[in-house]
Amino acid sequence: MSAGRTVDELVIWHEFDGPGDTSVEVLDEIGRMYEERYGIRVRAEAMSIADLGRRLTRLPEDGAGPDMAMVPSDMANYWEAARLSEVDEAMLQGFVAPSALDTMRIGGRLYGVPVLTGNHLVLYVNKAHYPEAPQTWEALESGAARLREAGIIPLGIDLGQAYSFIPFLTAFGGWPMADGLVTLDTDAAEQALAFLRRGLASGKIASLDGATTLLERFAEGRIGAIVTGEWIYNYLSRRLGDELAVGAIPAIGGRPAVSMCSSIGLIFPCRALSSPRSAALRAYAAFMLSDECQRLWADRVQRIPAANAALERIESAGSANKRQLIAQLRSSRPMPVSPYMIAGWVGMEEGLRRLPEDGAPRARTAMHERASAVMAEVDDYLEQLKKGASVG
């Protein structure tokens, strides 16, 4: 048990740490509501996604870690390293769709409780620059010259984040995994890289920090459209109001640009569901999926709830933008649940970093080499875990 912690306190780690991610408002509110009703305080600790992953895979053996963590569903892959509790699926049947449960399932076992779904990329448009969301890349480009003459960036995106590369990869027929392994040494990857490099060189695309500069310049009217996550919708809606439109990422050459999707849910490190705190943790998870809390996520910060009833309510009665967010979720492709995906992200980030200077062929090679090296590291790490060795 960590220093200063009492028996009447649960600790949850999360990564709602960017200025545009208003989700922390609801997480904190649910914690206050839970304490009022159950008499148990919930202490939330925020950190970057990188720190969250690093800390979860290096937890001490003495139970000094968190009781739970609110994480992107692919972190269920840390089930061995973080010693995650298996979740009893019976408690979730009828509340959460099987497709959402599958996002946190490894080898047929459920290692998390989906709370939110979505986590996909969409196109956000400032109607002052694009009266409606362009459905094709050609339509987006048709207004690019006019916008650039006015000092407006036609399209902004954060290419420092590998997740942003996925829609371009899929538009050229690619996918980061094949036969259970990361596969980035492909023509599709090179074509997507070349397409992005041309866009950057022409000024039609600008790569900006997704947590700060990208959002601020878009909200200030200095960017016509941006590609970023559905989780930013509430922040942008507050800033732009009726001037904000949501659409699909424009098709490229008639081919859809398909985003990944996943969920965000609760995991329980260090076998927490087998600890004396199990009853409190199960009550917290059930409270998260209650209609009251799911409505908070949907109405207060405009996230997409995982509970079936709440999701159906948005689809039938939500605004046009909210319905569009869910439509794009339906068109997305689930993120692979594999321990090797970390190699894919690291490899893609390396290639994107080198793309402007080195060009697409060398960036493709860099992606492949870096991903292959990290896959080897993952294999070694998993082998050490099986042998019971101390890792990290």
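Note that the structure is predicted; figures quoted are calculated from it, not measured.
Counting only N and O atoms by type, the side chains of S99 and D102 include no donor and acceptor under 3.5 Å apart. For D379 and Y340, the side-chain atoms include at least one donor-acceptor pair closer than 3.5 Å. Side chains of N234 and T22: a donor-acceptor N/O pair is present below 3.5 angstrom, by distance only. No side-chain N or O of E312 forms a donor-acceptor pair with one of N308 less than 3.5 Å apart.
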Chi angles and distances behind the salt bridge (Lys or Arg N to Asp or Glu O under 4.0 Å) call for R353, E350: CA-CA 5 Å; R353 183 183 67 80; E350 177 68 14; 2.8 Å; yes
Pair I12-R43, side chain to side chain contact (heavy atoms under 4.5 Å, CB included): steps then yes or no: CA-CA 6 Å; I12 181 171; R43 176 158 58 88; over 6 Å; no
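Using a 4.0 Å cut-off between charged nitrogen and carboxylate oxygen, R41 and D8 do not count as a salt-bridge pair. No salt bridge links R303 with E25; every basic N to acidic carboxylate O contact stays at or beyond 4.0 Å. Ion pairing between E357 and R362 fails under the 4.0 Å rule for side-chain N and carboxylate O. For R239 and E220, the salt-bridge test fails: no basic side-chain N is under 4.0 Å from an acidic carboxylate O.
Under the 4.5 Å side-chain criterion, counting only non-hydrogen atoms from C-beta, E29 is in contact with L296. A heavy-atom distance below 4.5 Å is not found between the side chains of Q324 and S319.
Taking the ring centre of W79 as origin, the terminal cationic atom of R109 falls outside the region bounded by 6.0 Å and 45° from the ring axis. Remark: R255 qualifies as a cation-pi partner of F172 under the 6.0 Å distance and 45° angle criteria applied to the six-membered ring.
Taking the six-membered ring for Trp and the full ring otherwise, W137 and F195 have centroids separated by under 6.0 Å.
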